[in-house]
Amino acid sequence: MSEDHIAMHEEFIYCGGAATQVLKYGPWINLKKTSGESPPKLLFFIIPGNPGIVGYYRTFMESLYRGFNEKYPVWAISHAGHCSPPKGMDMTNDTEIDPIEDIFGINGQIEHKLCFLKKNVPVDTKLVLIGHSIGCYIILEMMERAIDLKILQSILLFPTIERMAQSPQGKIMTPLLCNLRYIVYMPLYLLSFLPESVQASLIKFVLRGIKSVDEFSVTASLNLFRVDCAANAMYMGGQEMMQVLERDNTIIQKNLSKIIFYYGANDNWCPVQYYEDIKKDFPEGNIWLCQRGIRHAFVLDSSREMATMIIDWLKNKQT
């Protein structure tokens, strides 16, 4: 597939036993088989927030790919079970030789990303990891568990890496995600029978307060009308509330020179107090507070702006 002559490939695979959607910008579909050509030595790898639907990141990915002059592949992986697989593909694969235990939970999602990299990326490929929201927590855990990964830089955007249940949004969502999520399933089941055009209209109505909604956000959100996708996202969210507690300063200290943190100024998932606390603990770190009014869910309307900032950060680090 292509958009304006930009090579973009979409695939649905089983990884660790669960349906997974992968988006790849650039002509390099398989980094381990490049038809005799030398594979690129650097990969941008994006790990989403929750819901972990890669379609939200298409504009962001394309902007990164263009911004580095189409030199490097830009890939994004969905969370296990958060995508709606095509007809004929089940959400899980019972024939998986080595399935990941509790793959829809937070620990399973971490192992899911490591499994994908091991199977699909050459060991000598250098990585720029970009995490969003809970994707930042996943990246920190990956850095701890897989020290053999050649990580040049980890960029953590609006990082939910601590005290999630105590955050303003967490206080609202914890009862729903941990105790009441089952009551959402029946309305979702009924909504799933609506025509896709009606579902899209409902999404646009929900997002009506945002002036310039990214067109891909509406399409991506259609996944949430599939009950098992939404159930998997809520199950993972419940575990986030219970397990993302204290910030892991040991991991951060070990990898501080490789990490950029970017906090929102009006973020109810990781409030400014969290920024001030981590800035105090790591005054020498690359820890920034947004001055542009970008929302936590930046993919809804600020993908290009966010990509431009990342391009500038990385180009400045090279000089």
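Just so it is clear, the structure is predicted and the values come from calculations on it, not from any experiment. FYI, side chains are in, hydrogens and waters are out, and symmetry mates aren't considered; it's all heavy atoms of this structure.
Between R247 and D281, at least one side-chain N (NZ, or NE/NH1/NH2) sits under 4.0 Å from a carboxylate O, which counts as a salt bridge. Of the charged side-chain nitrogens involved, none lies within less than 4.0 Å of a carboxylate oxygen, so that K211 and D301 do not count as a salt-bridged pair. For E62 and R66, the salt-bridge test passes: some basic side-chain N is under 4.0 Å from an acidic carboxylate O. Look at K150 and D124 and you find no salt bridge, because none of the NZ, NE, NH1 or NH2 atoms lies under 4.0 Å from a carboxylate O.
Atom CD of E101 sits in a sparse spot, with 12 or fewer heavy atoms from other residues, nucleotides or ligands closer than 6.0 Å. More than 12 non-hydrogen atoms from other residues, nucleotides or ligands lie less than 6.0 angstrom from CZ of F12. For E11, the CD atom sits in a packed shell: over 12 heavy atoms of surrounding residues, nucleotides or ligands are nearer than 6.0 Å. Within a 6.0 Å sphere centred on CD1 of I147, other residues, nucleotides and ligands contribute 12 heavy atoms or fewer. Heavy atoms from other residues, nucleotides or ligands lying under 6.0 Å from CZ of R145 number more than 12. Residue R304 qualifies as open at atom CZ: its count of foreign heavy atoms under 6.0 Å is 12 or below. Counting non-hydrogen atoms of neighbouring residues, nucleotides and ligands closer than 6.0 angstrom, the CG atom of N266 reaches no more than 12 such neighbours.
Hydrophobic clustering, with ILVMFWY side chains joined whenever heavy atoms are under 4.5 angstrom apart, keeps Y262 apart from L300. No single ILVMFWY cluster, assembled from side-chain heavy atoms under 4.5 Å apart, contains both V213 and I294. Two different hydrophobic clusters hold L191 and Y189 under the rule that ILVMFWY side chains link at heavy-atom gaps under 4.5 Å.
Ring planes of H132 and H296: tilted class, angle from 30 to 60°. A parallel orientation is assigned to the rings of Y263 and F261, their planes being inclined by less than 30° (bins at 30° and 60°).
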Requested in this report: Start with the C-alpha gap between W75 and Y25, add the side-chain angles, then the distance that decides, and say whether side chain to side chain contact (heavy atoms under 4.5 Å, CB included) holds.
Outcome: CA-CA 6 Å; W75 291 7; Y25 275 81; over 6 Å; no
Requested in this report: Walk me through it: do I77 and H112 pass the test side chain to side chain contact (heavy atoms under 4.5 Å, CB included)?
Outcome: CA-CA 10 Å; I77 182 172; H112 172 257; 3.6 Å; yes
**Report entry** Pair Q109-E240, side chain to side chain contact (heavy atoms under 4.5 Å, CB included): steps then yes or no
**Finding:** CA-CA 11 Å; Q109 296 288 2; E240 292 170 35; over 6 Å; no
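Remark: of the listed residues L156, I106, D248, I106 is the sole one forming a side-chain contact (heavy atoms from CB on, under 4.5 Å) with Y137.
V22 is not listed as a side-chain neighbour of V54, based on a closest heavy-atom distance of 4.5 Å or more. Counting only heavy atoms from C-beta outward, the side chains of V128 and F68 never approach each other to under 4.5 Å.
Between the side chains of Q273 and D277, a donor-acceptor pair is found at a separation under 3.5 Å. A donor atom on one side chain and an acceptor atom on the other are found under 3.5 Å apart for D102 and Q239. Under 3.5 Å, the side chains of N93 and T95 contain a donor-acceptor pair of N or O atoms. Between the side chains of Y56 and N223, not a single donor N or O lies within less than 3.5 Å of an accepting N or O.
Remark: aromatic rings of F60 and F298 are close, center separation under 6.0 Å. In this structure, F45 has its ring center closer than 6.0 angstrom to the ring center of F116.
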